[in-house]
Undergrad: 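Dropping a structure here in structure tokens format, bear with me for questions.
Sequence positions, counted from 1, serve as the residue numbers for this chain. Note that this is a predicted model, so its numbers are computed, not measured.
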Amino acid sequence: TGFMVQEIIPKGELYHLQNIVTSGPASSLRQDFEVYINDFKIAYSEQGVVDQFYSDVSILDNNLKPLGRKTIFVNEPLRYQGMTFYQTDWDISTAQITVNSKLIQEVSLQEVNLQNGSRFWIGNLFTGESNKVLLVLEDLTGKCLFYDSEKRFLGESRIGHKIFLNGVPVRVTKIIPATGLQVKADPGIILVYCGFLALIISVFFSY
């Protein structure tokens, strides 16, 4: 009757259990509640390496009434009615960009993994009818890199700072992260523990 679900959920979005990884023959996914990501943050070490990531998770009923809330991180999950919500990964979903101080673009970002284990996120934005610019993010620290369609470096900026690309003022106003959650339910675990207990007792009496 157990199952495991994994999902990447952007900050500020509601989520139902749906992306099944494994499930038992008698399992069923509950749909009488929703998960809402209030916030997501990353703590970096002095060397700029990801030290820990945190998700502020709320459990809501179908009428959006709060049922529970907790900030989870690795090795500190949220437990709710036999289900355990683990923090497993993170991602960058979209970036909000203003062009000419008025046009807002929602740029979807695609993750790229390199052979050395590092990764970055890339997306396309347009500063004119035919002027395509590549936006590259390496993390959530706020540094933004820009390249032209020929992959030539155009400049570097930070969130909230203006940069001129092809003579057009561009500003990255917001980066929307996403959290990777794993939801597990294993109602039969008590039977496993009882089996271990019986084994320990039987070994004790055997000796």
Undergrad: Calculate, to the nearest 0.5 Å, the distance between atoms OG1 and CE belonging to T84 and M4 respectively.
TA: 12.5 Å

Undergrad: When clusters are formed by joining ILVMFWY residues with side-chain heavy atoms under 4.5 Å apart, either directly or through shared neighbours, do L181 and L78 land in the same one?
TA: yes

Undergrad: Output the distance between atom CD1 (I92) and atom NZ (K11), rounded to the nearest 0.5 Å.
TA: 12.5 Å

Undergrad: S149 side chain to K132 main-chain N or O, any donor-acceptor pair under 3.5 Å?
TA: no

Undergrad: Count the heavy atoms of every other residue, nucleotide or ligand shown that sit under 6.0 Å from CD of Q110, and state whether that count exceeds 12.
TA: no

Undergrad: Looking at T94 and S108, what are the two nearest heavy atoms and their distance?
TA: CG2-CA, 4.0 Å

Undergrad: Could you walk me through whether Y54 and F40 pass side-chain contact (heavy atoms from CB on, under 4.5 Å), step by step?
TA: CA-CA 6 Å; Y54 304 86; F40 176 79; over 6 Å; no

Undergrad: Can you tell me how far apart OH (Y80) and CZ (F85) are? Round to the nearest 0.5 Å.
TA: 8.5 Å

Undergrad: Looking at residues at least two apart in the chain, or sitting in another chain, which of them share a salt bridge (charged side-chain N to carboxylate O under 4.0 Å, His left out) with R158?
TA: none

Undergrad: Can you name the nearest heavy-atom pair linking Y86 to I72, along with the distance?
TA: C-CD1, 4.1 Å

Undergrad: My understanding is that only residues two or more places apart in sequence, or in another chain, count here; which of them pass side chain to side chain contact (heavy atoms under 4.5 Å, CB included) with D91?
TA: I8, E111, W121, A178

Undergrad: As a test of understanding, state which of L165, N100, V133, T98 forms a side chain to side chain contact (heavy atoms under 4.5 Å, CB included) with V170.
TA: L165

Undergrad: Holding to salt bridge (charged side-chain N to carboxylate O under 4.0 Å, His left out), I want the full list of residues that pass it with E13, two or more places apart in sequence or in another chain.
TA: none

Undergrad: Hey, is CG on N75 packed in by over 12 heavy atoms from elsewhere, all under 6.0 Å?
TA: no

Undergrad: Going by the side chain to side chain contact (heavy atoms under 4.5 Å, CB included) test, name the single residue among L145, V107, L109, L134 that passes it with I122.
TA: L134

Undergrad: With clusters defined by side-chain heavy atoms of hydrophobic residues (ILVMFWY) lying less than 4.5 Å apart, directly or transitively, does I59 cluster with L64?
TA: no

Undergrad: Output every pair passing ring pair (Phe, Tyr, Trp, His ring centres under 6.0 Å) with a member in residues 143-173, not counting sequence neighbours, ordered by first then second residue.
TA: Y147-F153

Undergrad: List the residues meeting salt bridge (charged side-chain N to carboxylate O under 4.0 Å, His left out) with D148, not counting sequence neighbours, and say none if there are none.
TA: R152

Undergrad: Output the distance between atom CG (D89) and atom CD (E7), rounded to the nearest 0.5 Å.
TA: 12.0 Å

Undergrad: For residues 25-33, which side-chain N or O atoms pair as donor and acceptor with protein atoms under 3.5 Å away, sequence neighbours left out?
TA:
{"residue": "S27", "atom": "OG", "partner": "G24", "partner atom": "N", "Å": "3.4"}
{"residue": "S27", "atom": "OG", "partner": "G24", "partner atom": "O", "Å": "2.9"}
{"residue": "R30", "atom": "NE", "partner": "D32", "partner atom": "OD1", "Å": "3.2"}
{"residue": "R30", "atom": "NH1", "partner": "Q81", "partner atom": "OE1", "Å": "2.8"}
{"residue": "R30", "atom": "NH2", "partner": "D32", "partner atom": "OD1", "Å": "3.3"}
{"residue": "R30", "atom": "NH2", "partner": "D32", "partner atom": "OD2", "Å": "3.0"}
{"residue": "R30", "atom": "NH2", "partner": "Q81", "partner atom": "OE1", "Å": "2.7"}
{"residue": "Q31", "atom": "OE1", "partner": "H16", "partner atom": "ND1", "Å": "3.4"}
{"residue": "Q31", "atom": "NE2", "partner": "L17", "partner atom": "O", "Å": "2.9"}

Undergrad: Are V172 and V136 connected in a single hydrophobic cluster, I mean Ile/Leu/Val/Met/Phe/Trp/Tyr linked by side-chain heavy atoms less than 4.5 Å apart?
TA: no

Undergrad: According to side chain to side chain donor-acceptor pair (under 3.5 Å), who are the partners of E106, at least two apart in sequence or on a separate chain?
TA: Q96

Undergrad: Given V57 and N38, is the side-chain contact (heavy atoms from CB on, under 4.5 Å) satisfied, shown in steps?
TA: CA-CA 6 Å; V57 181; N38 302 285; 5.7 Å; no

Undergrad: Check whether V99 and I163 end up in the same hydrophobic cluster, where Ile, Leu, Val, Met, Phe, Trp and Tyr are linked by side-chain heavy atoms less than 4.5 Å apart.
TA: yes

Undergrad: Decide yes or no on side-chain contact (heavy atoms from CB on, under 4.5 Å) for I97 and L135, but give the supporting numbers first.
TA: CA-CA 10 Å; I97 299 175; L135 167 65; 3.7 Å; yes

Undergrad: Applying salt bridge (charged side-chain N to carboxylate O under 4.0 Å, His left out), can you list everything that pairs with E156, at least two apart in sequence or on another chain?
TA: none

Undergrad: Ion pair present between K70 and E76, side-chain N to carboxylate O less than 4.0 angstrom?
TA: yes

Undergrad: For D51 and I42: C-alpha separation, side-chain torsions, deciding distance, then whether side-chain contact (heavy atoms from CB on, under 4.5 Å) applies.
TA: CA-CA 8 Å; D51 183 46; I42 292 181; over 6 Å; no

Undergrad: Using ring-ring contact (aromatic ring centres under 6.0 Å, His included) as the criterion, list what pairs up with F3, not counting sequence neighbours.
TA: none

Undergrad: According to side chain to side chain donor-acceptor pair (under 3.5 Å), does anything in residues 170-196 pair up with another residue at least two apart or in another chain? List the pairs.
TA: S55-T179, Q87-T179

Undergrad: Closest heavy-atom contact between L137 and K143?
TA: CD2-O, 3.4 Å

Undergrad: Would you name the heavy atoms of P177 and I175 that are closest together and state the gap between them?
TA: CD-O, 3.3 Å

Undergrad: Quick one: does any side-chain atom of Y36 pair with a main-chain N or O of D56 as donor and acceptor, under 3.5 Å?
TA: no

Undergrad: For K41, what residues pass the side chain to side chain donor-acceptor pair (under 3.5 Å) criterion, not counting sequence neighbours?
TA: none

Undergrad: Can you name the residues that form a side chain to side chain contact (heavy atoms under 4.5 Å, CB included) with L199, not counting sequence neighbours?
TA: S202, V203

Undergrad: Indicate, with yes or no, if F120 and Y44 share a hydrophobic cluster defined by side-chain heavy-atom contacts under 4.5 Å among Ile, Leu, Val, Met, Phe, Trp and Tyr.
TA: no

